[in-house]
Amino acid sequence: MAQQITHIIENPPEPAIPAVYGDKSFLLGLYERMVLIREFEERVKFLFLEGAMPGTIHQCQGQEATAVGVCAALKPDDYITSTFRGHGHALAKGLSAQELLDELFGAVTGCCKGKGGSMHVGNFEKGMVPGIAIVAGGIPLAAGMALAFKMQKTAQVVACFFGDGAVAEGAFHEGVNMAAIWNLPVIFVCENNLYGASTRIDKVMKNPSVSDRAASYGFPGETVDGNDVIAVCEAAQRATDACRNGRGPVLLELLTYRRTGHSRRDPCHYQQKDEREAWFARDPIDRFARRLLERGKVSHDDIDVIKARVDHHLTVAVENAKRAPQPAPADIETDVFA
Amino acid sequence: MAQQITHIIENPPEPAIPAVYGDKSFLLGLYERMVLIREFEERVKFLFLEGAMPGTIHQCQGQEATAVGVCAALKPDDYITSTFRGHGHALAKGLSAQELLDELFGAVTGCCKGKGGSMHVGNFEKGMVPGIAIVAGGIPLAAGMALAFKMQKTAQVVACFFGDGAVAEGAFHEGVNMAAIWNLPVIFVCENNLYGASTRIDKVMKNPSVSDRAASYGFPGETVDGNDVIAVCEAAQRATDACRNGRGPVLLELLTYRRTGHSRRDPCHYQQKDEREAWFARDPIDRFARRLLERGKVSHDDIDVIKARVDHHLTVAVENAKRAPQPAPADIETDVFA
Amino acid sequence: MKRQGIAEALRDGIAEEMARDHRVFCIGEDIGVPGGWGGAFTVTLGLSAKFPGRIIDTPIAELGFTGIAVGAAMMGMRPIADMQYGDFLFLASDQLINNAAKMRYMSGGKTSVPMVMRAPIGATGRGSQHAQSMERYFTGVPGLKVIAPSNAYDAKGMLKAAVRDDNPVIIFEHKLLYGSKGARAESGAVDATSDIPDGDYTVPLDKAAVRREGSQVTILAWLLMLHYGLSAAGTLAQQGIDAEVIDVRSLSPIDYDTIGASIRKTGRAVIVEEGPKTGGVSAELAAGIMERFGESLLAPVVRVASPDVPVPFSPILENAYRPDASRIIEAVRSLVQ
Amino acid sequence: MKRQGIAEALRDGIAEEMARDHRVFCIGEDIGVPGGWGGAFTVTLGLSAKFPGRIIDTPIAELGFTGIAVGAAMMGMRPIADMQYGDFLFLASDQLINNAAKMRYMSGGKTSVPMVMRAPIGATGRGSQHAQSMERYFTGVPGLKVIAPSNAYDAKGMLKAAVRDDNPVIIFEHKLLYGSKGARAESGAVDATSDIPDGDYTVPLDKAAVRREGSQVTILAWLLMLHYGLSAAGTLAQQGIDAEVIDVRSLSPIDYDTIGASIRKTGRAVIVEEGPKTGGVSAELAAGIMERFGESLLAPVVRVASPDVPVPFSPILENAYRPDASRIIEAVRSLVQ
Ligand SMILES: Cc1ncc(C[n+]2csc(CCOP(=O)(O)OP(=O)(O)O)c2C)c(N)n1
Ligand SMILES: Cc1ncc(C[n+]2csc(CCOP(=O)(O)OP(=O)(O)O)c2C)c(N)n1
Ligand SMILES: [Mg+2]
Ligand SMILES: [Mg+2]
């Protein structure tokens with residue numbers, strides 16, 4: 001198992017960028033989105049450790065390509081569902097750093113008015129359901145959303161993000177099965193980062209292929225290099241096409257790695273050093289930067305400009321968030337019933 | 001789907017009886033057990049329709065070979081778990097018709113003192129957990145029992161009966177996965193009678209093979225003619241051997257058919273006529289009788305003696321059950337806590 | 001105007017809502033199979049022919065189909081989910097409580113989950129796992145509404161109101177009230193038929209109903225127990241005790257206005273509940289009444305409920321489990337005298 | 001004798017029981033992974049090295065591993081299951097309520113299910129789905145015992161008693177009580193350390209404890225709220241109000257003897273509960289007290305609880321959610337005066 005996955009990811013040649021993705025601004029857009037996620041998470045980590053930020057956090061450094069690649073294949077009125085580890089998904093789907101940071105600070109200007117918090121960020125207007133922090137709990141939900149789209153005869157699709165750990169849950173099994181039998185327009189996006197909390201997936205799956213599971217339910221699955229944003233985007237594009245043509249669902253297993261602790265203050269001692277190093281060497285942002293530069297698409301300046309823009313953007317956002325208006329105690333009673 | 005299963009069962013040649021099963025008394029024992037189950041169920045049906053029997057019933061006419069074949073491969077200290085449809089499993093595992101009938105009449109002499117009823121028949125001393133009437137609810141339970149056997153280093157195994165309908169439940173998914181990763185000595189026995197209540201399995205499984213599911217969890221599965229008691233017994237024997245040698249679990253998909261309604265008064269209008277007829281022609285008891293007679297193992301007299309013995313046995317048991325002592329209202333408070 | 005039982009009235013109510021609003025659909029196990037039964041208690045019988053594609057038969061997967069209902073509701077549909085037996089709600093309660101009930105709050109009011117969950121409850125000769133009274137597990141869950149109609153008029157009217165409500169609503173139905181006649185009637189079934197008006201009507205989700213006026217004691221009950229309470233009140237009247245009977249009907253929220261008006265008049269309350277006494281809905285009712293109307297109480301509130309045991313199978317035990325008119329009468333008499 | 005917090009005391013208690021009885025094992029998510037945390041709150045840290053093969057890490061499958069614990073318990077093992085957060089119990093409640101709690105009854109007393117389920121609860125900055133108070137969903141479930149220790153001495157002693165009990169027992173632990181020091185301490189954590197004797201001891205599963213004697217009012221609480229109740233009582237004493245404080249501790253069954261003795265003395269009760277007011281354990285306590293000791297009550301029982309809303313994330317709102325000493329003081333003062 002360990003071997004297999006290492007094998008898949010070892011020294012992949014960085015391929016040329018497919019012609020359809022040749023547009024520089026599109027490529028830089030993907031890159032900037034990934035950088036935004038990384039830098040966002042780094043700031044949050046700092047704020048958290050500093051004690052400025054309440055609650056708990058689950059971060060996604062190292063997994064930027066999955067969020068950005070999938071969301072790049074979606075339209076604004078398509079939806080995503082997410083998990084406790086949802087900051088990256090949110091930024092990829094178009095939520096602003098500001099509404100996220102405000103939410104993390106518990107402010108009324110947050111995307112959930114401060115009632116959700118880090119594990120439940122979302123914004124319906126931007127096509128993101130609040131993160132479902134019950135592992136796999138978003139899977140039946142996404143199937144239901146897709147059922148609605150099908151019954152309403154819209155062309156919308158839903159991309160449902162979950163981790164490798166979620167595959168063991170009954171909710172996964174029940175949700176994907178119904179999506180399969182009813183051909184629902186849902187893309188099941190498994191971010192396989194090899195760990196569910198501290199538990200490596202070879203401890204909890206005897207057959208280690210997540211994408212293989214799809215066949216047992218009678219629908220297509222595919223394993224993709226989840227640290228290659230272009231590969232992710234291509235696979236997601238095929239999947240959305242299939243869904244829009246009534247050939248859903250699709251299961252995408254995106255192989256990736258979490259560079260950070262499972263949640264706040266987790267020192268990740270259960271990740272082996274060589275494994276960490278191998279994956280760190282395959283960082284999705286570094287790789288994409290190299291590829292863009294090597295394949296002559298962009299200049300170092302382009303990269304620097306993005307970094308500076310993101311930095312500035314986040315600095316402002318953090319300052320704003322720190323001063324964002326907090327709810328009044330009486331707000332506790334609102335928003336319970338429609 | 002319909003095709004596939006029909007194909008598997010169409011006109012199978014009744015093969016010779018394998019040498020290891022050559023013992024006439026063993027074969028007649030299997031036969032008698034099946035007849036006992038059939039006749040038991042017919043009496044219960046009559047008593048129920050007559051209004052003599054309280055509650056509801058789920059019967060297993062047509063599925064006798066699965067219960068008897070599997071239990072013939074078990075030792076007395078092996079266990080089974082069962083469902084709402086457990087009369088056949090109980091008789092096959094060695095519970096007496098008397099303790100079952102008494103239970104169905106709500107008597108204190110019943111196997112559960114009248115507290116269980118038809119859906120929960122069982123007897124720990126005889127290796128049968130009370131039926132779990134929550135579909136698939138017995139699957140994690142059986143895995144846990146097998147875990148106990150493994151930790152206790154006994155040679156016991158558990159055979160876990162469930163229907164095709166249970167495969168869609170999260171409990172199936174979670175239970176078999178843990179049995180697989182821990183190599184537990186449990187035989188998952190799926191009695192695939194093509195229907196979960198009124199719902200045909202092609203409506204709820206896009207990939208129609210139940211035994212295929214095992215591979216997705218990384219353990220072996222096999223589809224067997226569930227109306228051939230010898231084939232069932234052989235497969236179960238292989239499975240128990242594997243389990244006792246630490247090579248469990250095993251998933252057995254036993255193709256069979258329910259000759260009766262799902263529960264009391266169900267006229268089965270959702271079963272197609274031709275399907276019913278095809279399966280009725282493959283009745284497990286008739287087939288086994290023919291095979292025994294044709295292959296020269298037994299005489300018509302042997303068959304008649306069995307029928308008469310079973311009849312008599314059940315007549316006495318029913319009479320006893322009707323007069324069996326009923327609980328006192330105060331008994332309601334006992335047996336809640338140990 | 002026609003006389004209908006609860007099963008028929010619910011069926012018509014669902015059909016009317018589906019005709020009225022194309023967003024309404026039904027989802028559950030065995031609810032629309034041709035040649036099948038229209039759910040375990042015939043409530044959706046015939047609807048799949050009438051509304052093709054809108055009566056969705058699911059695999060046996062309660063957590064999954066409940067989650068699917070939640071997701072579809074968020075996206076603007078109006079699902080009516082069918083739990084074959086209330087006991088299976090435990091399998092679905094994560095989706096109901098962690099998702100459906102909290103989604104609006106967690107999102108800061110940005111979405112709603114307009115779904116209905118129908119679930120039959122009650123001890124009916126089926127043993128421990130098809131028998132529980134499940135109301136207690138959902139009453140008081142913030143974000144969820146819970147109703148429990150005792151007659152066909154209410155069942156139809158409240159179901160319709162639930163479908164039109166923008167929040168998740170659980171409607172508990174009692175197996176002994178679906179219908180007391182016909183091949184599928186349960187033994188022990190009680191007549192809960194009503195005269196059903198021809199036109200559209202709804203019954204509010206948050207109002208209790210006074211079923212019998214009286215001055216000396218208030219009997220509070222719902223579902224099957226309401227019928228037993230009325231029958232007890234009849235007997236008590238002959239014995240010179242004048243009981244008011246309230247159909248609580250709306251379990252979450254509880255209509256303390258109606259209840260309070262009665263308590264202020266009678267000064268005494270007996271709550272009747274099928275299900276173990278400890279931790280039941282009666283506990284909330286008793287505590288809530290004491291809190292709000294304590295000064296009007298002439299005596300402590302009394303609870304008549306099942307003993308704290310699982311539901312037994314044997315008819316003798318099952319009858320000892322479920323409160324009946326004589327236990328209610330006994331409780332009222334000892335309270336009033 | 002040593003001073004320990006709840007996490008350490010539980011850890012020692014589990015280790016001692018595992019050493020004493022080879023049938024005891026632990027099962028749950030992330031409880032024994034080398035380099036991991038020993039469960040979400042370090043309770044099983046280090047035990048997998050000490051007891052190889054007996055700390056079983058599971059996939060993320062709460063229904064499944066709970067069912068596995070039930071099955072193993074029936075076959076003579078003594079599993080201690082670990083639910084990372086109490087909120088996930090909804091996923092497992094079918095196995096807990098339909099199987100574990102009913103199995104003995106359904107079998108006519110022929111088996112027992114000696115398992116322990118540990119579950120942390122409480123609002124702690126994690127938003128709606130990792131915050132609920134789950135006691136209400138299990139209190140009163142026939143066949144199940146429910147305990148909720150508020151200090152390290154009780155946590156260890158009750159855990160040990162639970163392991164030795166032949167019935168399924170749920171032990172609720174509060175996240176803010178595991179330990180108030182160290183890197184993993186929660187913000188807002190309270191000191192719940194105790195002096196722990198060196199030898200073996202158990203604490204009964206069915207006894208409340210008087211934590212502070214007083215004459216004018218009885219404050220009933222458990223887990224975190226017990227600490228707030230004690231702090232309120234301290235302030236009240238300065239204000240001339242003499243409150244008795246009872247640690248209810250055993251939620252199912254409830255020790256009405258201890259509670260009754262206090263109520264007979266004080267005539268007044270304030271119940272404090274984290275979690276929505278409607279339908280909480282306080283409802284049962286209030287109703288049960290009125291039923292049993294109604295004649296001793298000088299005033300209606302008062303409940304201090306959270307509002308009927310999901311748990312909000314924002315610290316300001318979370319603090320408004322959870323009852324605190326000042327709300328308890330207010331309630332006591334208006335009751336006594
Ligand atoms: C139902 C449920 N069980 C357990 C948890 C606790 N938990 C939170 S995250 C997590 C691991 C999830 O792993 P995975 O699905 O692989 O996602 P990742 O953390 O790798 O993104 C666990 C066990 C939970 N939130 N929900
Ligand atoms: C969790 C759960 N959901 C639904 C039911 C209602 N129910 C009882 S039997 C049954 C069909 C079961 O089908 P299958 O597993 O194929 O077993 P069979 O009846 O064919 O023996 C259903 C839906 C139940 N008992 N438990
Ligand atoms: Mg993971
Ligand atoms: Mg079947």
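These numbers come from the heavy atoms of this one structure, side chains and all, not from hydrogens, waters or symmetry mates. Bear in mind the structure is a predicted one, so any value in this text is a computation, not a measurement. Throughout, protein chains are lettered first and strands after them, A, B, ... in sequence-line order, and every chain is numbered starting at 1.
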Turns out that what part of D:Glu318 lies under 4.5 Å from chain A's heavy atoms comes down to neither
Measure D:Phe88 against the heavy atoms of chain A and call it side chain, backbone, both or neither at under 4.5 Å.
-> side chain
Ion pair A:Arg200/A:Glu275, N-O distance below 4.0 Å = yes
Are D:His174 and D:Val190 close enough, and set up right, to give a side-chain contact (heavy atoms from CB on, under 4.5 Å), and what steps lead you there?
-> CA-CA 10 Å; D:His174 199 291; D:Val190 161; over 6 Å; no
Which of A:Ala171, A:Gly51, A:Gly165 touches chain D most, by non-hydrogen pairs under 4.5 Å = A:Gly165
Among D:Thr124, D:Leu91, D:Leu317, the residue with the most heavy-atom pairs under 4.5 Å to chain A is D:Leu317
Determine, for A:Lys273 against A:Glu277, whether the closest basic-nitrogen to carboxylate-oxygen distance falls under 4.0 angstrom.
-> yes
If only atom types and distance count, is the side chain of D:Thr44 paired as donor or acceptor with the main-chain N or O of D:Leu47 below 3.5 Å?
-> no
Under 4.5 Å from any heavy atom of chain A - which part of D:Asn319 = neither
With respect to chain D, which residue among A:Gly170, A:Gly196, A:Cys112, A:Gly116 yields the maximal number of heavy-atom pairs within a distance under 4.5 Å?
-> A:Gly116
Measure from the ring center of A:His120 to the ring center of D:Phe313 and say whether it is less than 6.0 Å.
-> no
Looking at residues at least two apart in the chain, or sitting in another chain, which of them share a side chain to side chain contact (heavy atoms under 4.5 Å, CB included) with A:Pro329?
-> D:Ile316, D:Ala320
Let me know if A:Ile132 has heavy atoms under 4.5 Å from chain D in its side chain, its backbone, both or neither.
-> both
Tell me, for A:Lys203 versus chain D, whether the close heavy atoms (under 4.5 Å) come from the side chain, the backbone, both or neither.
-> side chain
